[in-house]
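Let me begin by presenting the structure, written as structure tokens, before commenting on it.
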Amino acid sequence: MGLGIANDALSNVDKQKINLNEDTLPVVIATWDVKNATKKAWKTMQNHESSLDAIEKGCMVEEANEKGQSVGKGGLPDRDGNVTLDACIMNSKGDCGSVVFLKNIKHAISLARKVMEDTPHVMLSGIGAEEFGYSMGFVKEDLLTEASKKAWNKWKKTSKYDPIINIENHDTIGMLAIDSSGNISGGCTTSGLAYKMHGRVGDSPIIGSGLYVDNGIGGAVATGLGEEVVKTVGSFLIVELMRQGHSPQKACEIAIKRIVYKPNSNYKNFQVGYIALNKNGDVGCYSIQKGFSMTKYQSNKNVNIKSDSYIIS
Ligand code: ASP
């Protein structure tokens, strides 16, 4: 049954495609096994808050989790020992905000939201993002934990730069949510590739690459080797494939193959994983390598789902 979404931006074609099922909403999905984060997001929507609030609160759970060494506090540093964060957020109106190369502020997702809501800009970087954060009341803190410092010191013995395929099965947290009113939002937050060059920015804060949401169609987020996602504008591609009628699953598969089939692609040596959600609450996920997974919270069930992958052996 349709929910009669108040969204003038939808074309008639998009409106016809929408077949929202009130019984199955809200839905939240996230990259990797992050049940605490999806739980927070789903409960937020059950509490009649928006999908945007759900995304922010869900991502904050992982940013505050010091044991996760790829997001927020405790993230693995760059090769010089600096923890630098990238994040972005998009709401159902198509607004977006992003912070890149951010130091000393743990909740990059919340700062990205502030950029979206309280500035005329989409993206703030480095010291500018940090100063804006302090002006908005964010607290300065050292993001390098003892555990991450230890890992960095160990890495320095060889200083070999090899992108790690699946960091403890949990890298960037990318999250998509559709609330009971049928409105979709998404977010993405990460400390990026471990031991990256100082100043390196990945796909996660780049709208269209690490994240894209079109409230008439659906959303997609990425994890893995950001450079490869940026080169194929992965999340935007997936949303456009869904617009053409592909399911979220099929759209993720086509976007992964876009990377794999590139001339001289060395896809065997890196991981990229995508998850996607459409307006009906259908979901999909796919990756290059084995080991990727998605967490879905829907109809009171919080489950981790193993992703199919292009390389199966
Ligand atoms: N996509 C992130 C980046 O390239 C890292 C990751 O998801 O592992 O910065």
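Note that ligands are numbered from 1 as they come in the structure, with each ligand's atoms numbered from 1 the same way. Sequence positions, counted from 1, serve as the residue numbers for this chain. All values below come from the heavy atoms of this structure, side chains included, with hydrogens, waters and symmetry mates left out.
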**Message:** Show the atoms of ligand 1 that are less than 4.0 angstrom away from any heavy atom in Leu193.
**Reply:** 9 (O)
**Prompt:** Taking N or O atoms only and a 3.5 Å limit, does Asp86 qualify as a polar contact for ligand 1?
**Reply:** no
**Prompt:** Any N/O of Gly224 closer than 3.5 Å to an N/O of ligand 1?
**Reply:** yes
**Message:** Tell me whether Thr223 has any N or O atom under 3.5 angstrom from an N or O of ligand 1.
**Reply:** yes
**Message:** Between Thr31 (side chain only) and Gly174 (backbone N and O only), is there a donor and an acceptor less than 3.5 Å apart?
**Reply:** yes
**Asked** Can you tell me if Asn183 and Lys93 form a side-chain donor-acceptor pair at under 3.5 Å?
**Response** no
**Asked** Looking just at side-chain N and O atoms, do Asn104 and Asp142 make a donor-acceptor pair shorter than 3.5 Å?
**Response** no
**Request:** Number the atoms of ligand 1 from 1 as they appear, then name those within less than 4.0 Å of a heavy atom of Ser204, with their elements.
**Result:** 1 (N), 2 (C)
**Prompt:** So which heavy atom on Leu25 is nearest to which on Asp179, and how close?
**Reply:** CD1-O, 3.7 Å
**Request:** Please determine if Gly192 has a nitrogen or oxygen closer than 3.5 Å to a nitrogen or oxygen of ligand 1.
**Result:** no
**Asp203: numbered ligand 1 atoms lying under 4.0 Å from its heavy atoms** = 1 (N), 2 (C), 3 (C), 4 (O)
**Asked** Are Asn153 and Lys156 linked by a side-chain donor-acceptor pair shorter than 3.5 Å?
**Response** yes
**Message:** Could you check, using the six-membered ring where one of them is a Trp, whether Tyr212 and Phe236 have ring centers closer than 6.0 angstrom?
**Reply:** yes
**Message:** Side chain or backbone, does Arg200 bring an N or O within less than 3.5 Å of an N or O on ligand 1?
**Reply:** yes
